[in-house]
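Accompanying notes for the structure given below.
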Amino acid sequence: QVTLRRELATYAAPGTEDAGVVFPVGTAVTIDLSDISEWFRLTAKDGTQGWIRFVDGETMRLPGGETVNQTDALDGIVAAD
């Protein structure tokens, strides 16, 4: 489980540019599904889901093109190289 350090816009589905939900800062989410390389699904306790996209091991690309370092957005994430 990770906690969002900032408001986080997500994608509706992997492989698309369609915007999904926007999770508010402080939301606790679980990363419960991924393709192991780029797309990761976030699920909140209430069942709300959205997808995030990593462009490399540290950087996420949000809908609209903004890039964010994972440590600026996700508290408690552990990444392996």
Side-chain angles (χ1 to χ4, degrees):
Q1 182 172 325
V2 298
T3 303
L4 301 183
R5 293 183 175 188
R6 57 165 281 168
E7 183 178 87
L8 188 64
T10 65
Y11 294 91
T16 72
E17 292 296 321
D18 297 337
V21 300
V22 177
F23 289 110
V25 64
T27 301
V29 296
T30 301
I31 299 171
D32 61 357
L33 189 62
S34 79
D35 68 358
I36 311 295
S37 63
E38 184 178 8
W39 294 95
F40 296 80
R41 186 175 70 188
L42 305 180
T43 300
K45 289 184 181 189
D46 68 1
T48 304
Q49 296 179 328
W51 290 84
I52 55 175
R53 179 183 177 197
F54 280 84
V55 293
D56 61 37
E58 295 290 321
T59 308
M60 298 183 298
R61 174 158 295 135
L62 306 180
E66 178 185 4
T67 56
V68 178
N69 187 286
Q70 70 172 349
T71 58
D72 293 334
L74 308 172
D75 186 28
I77 193 167
V78 177
D81 290 327

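What you see below is based on every heavy atom in this structure, not just the backbone, and it leaves out hydrogens, waters and symmetry mates.
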Closest non-hydrogen atom pair between Pro14 and Trp51, with its separation: CD-CE2, 3.4 Å
Heavy-atom pair of closest approach, residues Thr27 and Ala44: CG2-CB, 4.2 Å
side-chain hydrogen bond (donor to acceptor under 3.5 Å, both in side chains), paired with Arg41, selected from Thr10, Asp32, Asp35: Asp32
Nearest heavy-atom neighbours spanning Ala73 and Val68: CB-CG1, 3.9 Å
Salt bridge flag under 4.0 Å for residues Arg53 and Glu17: yes
Connected via hydrophobic side-chain network under 4.5 Å: Leu33 and Phe40: no
pair Ile52-Gln70: side-chain heavy atoms closer than 4.5 Å: no
Test side-chain contact (heavy atoms from CB on, under 4.5 Å) applied to Leu42 and Leu8, step by step: CA-CA 11 Å; Leu42 305 180; Leu8 188 64; 3.8 Å; yes
Atom of Arg5, atom of Asp72 and distance for their closest heavy-atom approach: CB-O, 3.4 Å
Option from Asn69, Leu74, Thr67 for which side-chain contact (heavy atoms from CB on, under 4.5 Å) with Met60 holds: Leu74
All side-chain hydrogen bond (donor to acceptor under 3.5 Å, both in side chains) counterparts of Ser34, not counting sequence neighbours: none
Taking every non-hydrogen atom, the tightest pair across Asp56 and Thr59: OD1-N, 2.7 Å
Donor-acceptor side-chain pairing of Thr30 and Gln1 below 3.5 angstrom: no
Within one Ile-Leu-Val-Met-Phe-Trp-Tyr cluster: Leu62 and Val2, side-chain cutoff 4.5 Å: yes
Val25 reachable from Val29 in the ILVMFWY side-chain graph, under 4.5 Å edges: no
Considering all heavy atoms, the nearest Pro63-Ala9 contact: CD-O, 3.7 Å
Step-by-step side-chain contact (heavy atoms from CB on, under 4.5 Å) determination, Tyr11 to Arg61: CA-CA 10 Å; Tyr11 294 91; Arg61 174 158 295 135; 3.8 Å; yes
